[in-house]
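To keep things clear, I will list the structure first and then write my remarks on it.
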Amino acid sequence: MRKLNRLMILSALAFVASTAFAAEEASVRIISPAEGAKLDAMTAPKIEYDVKPGPKGDHTHLYVDGKEEAVLRKLKGSHTLNALSPGEHNLCIKVVSKGHTPIGVEQCVKVTVQ
């Protein structure tokens, strides 16, 4: 009986460990533009990104200067932004839940439009 209990406990621990390693950590990587990039006001700016939503995330939202600009359903790709006025701007991509609530995983870059 003890051997059976030990076997059950070891099996349960192996399952929990494998499940923990299978769940990826959430992350956001803005590939371009880079932090501090200077963008041309005459060209539609594009943001390129790669996201891992993790176990709590579902999709991402794109924010420009704190205002939501787009819902990004693809985890990797690019999005053309609306025209930006000259000056400094803050671009952020945030991982959100199915209920559109940020889960605390994000990346932001500051750019200057000339």
Side-chain angles (χ1 to χ4, degrees):
M1 188 66 155
R2 283 186 175 200
K3 287 183 181 180
L4 182 59
N5 284 342
R6 285 184 188 158
L7 182 59
M8 289 174 58
I9 290 170
L10 289 174
S11 294
L13 288 173
F15 174 76
V16 169
S18 67
T19 303
F21 289 116
E24 283 188 41
E25 287 293 315
S27 66
V28 175
R29 184 170 64 104
I30 296 176
I31 299 164
S32 70
E35 176 72 25
K38 300 202 183 314
L39 307 178
D40 183 357
M42 301 306 289
T43 305
K46 189 181 265 188
I47 189 165
E48 187 178 347
Y49 61 92
D50 187 10
V51 174
K52 291 182 177 71
K56 295 181 183 178
D58 182 67
H59 61 281
T60 59
H61 289 183
L62 169 64
Y63 296 84
V64 176
D65 299 330
K67 295 179 184 174
E68 185 180 314
E69 169 149 330
V71 174
L72 304 173
R73 296 282 178 195
K74 293 181 182 178
L75 297 178
K76 185 174 184 174
S78 63
H79 177 80
T80 301
L81 301 163
N82 292 324
L84 297 172
S85 61
E88 289 188 357
H89 295 280
N90 194 36
L91 311 176
C92 294
I93 294 180
K94 299 180 182 187
V95 177
V96 298
S97 67
K98 286 184 181 182
H100 302 276
T101 303
I103 67 166
V105 178
E106 64 183 62
Q107 185 181 10
C108 300
V109 293
K110 289 187 181 189
V111 298
T112 302
V113 176
Q114 301 176 334

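Fair warning: this is a prediction, and the values are worked out from it, not measured in the lab.
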*What is the distance from atom CG of Leu81 to atom CD1 of Ile47, rounded to the nearest 0.5 Å?*
6.0 Å
_Spacing of SG belonging to Cys92 relative to NZ belonging to Lys110, to within rounding of 0.5 Å_ = 9.5 Å
*Spacing of Glu48 atom CD and Ile93 atom CD1 [to the nearest 0.5 Å]*: 10.0 Å
*Would you give the length of the straight line joining atom CG of Leu84 to atom OG1 of Thr112, rounded to the nearest 0.5 angstrom?*
11.0 Å
*Give a yes or no on whether Ile30 and Val96 share a hydrophobic cluster (residues Ile, Leu, Val, Met, Phe, Trp, Tyr; joining criterion: side-chain heavy atoms under 4.5 Å apart).*
no
*Heavy-atom pair with the smallest gap, counting every atom of Ala26 and Ile103*: CB-CD1, 4.3 Å
Side chains of residues 59-69: which donor-acceptor pairs under 3.5 Å do they make with residues two or more places apart or in other chains?
from, atom 1, to, atom 2, distance (Å)
His59, ND1, Arg73, NH1, 3.3
His59, NE2, His61, NE2, 3.2
His59, NE2, His100, ND1, 3.1
Thr60, OG1, Leu72, O, 3.2
His61, ND1, Glu68, OE1, 3.2
His61, NE2, His100, ND1, 3.1
Asp65, OD1, Asn90, N, 2.7
Asp65, OD2, His89, ND1, 2.6
Glu69, OE2, Asn82, N, 2.9

*Heavy-atom pair with the smallest gap, counting every atom of Asp40 and Val113*: C-CG1, 4.4 Å
*Could you tell me whether the side chain of Arg29 reaches within less than 4.5 Å of the side chain of Gln107, counting heavy atoms only?*
yes
*asked:* I need the Asp58 CG to Lys98 NZ distance, nearest 0.5 Å.
replied: 5.5 Å
*asked:* Within the structure provided, determine whether Pro45 and Thr80 are in side-chain contact (heavy-atom separation under 4.5 Å).
replied: no
*Pro53 to Leu75 - nearest heavy-atom pair and separation*: CD-CD1, 3.8 Å
_Do Glu35 and Val109 have side chains that approach each other closer than 4.5 Å (heavy atoms only, starting at C-beta)?_
yes
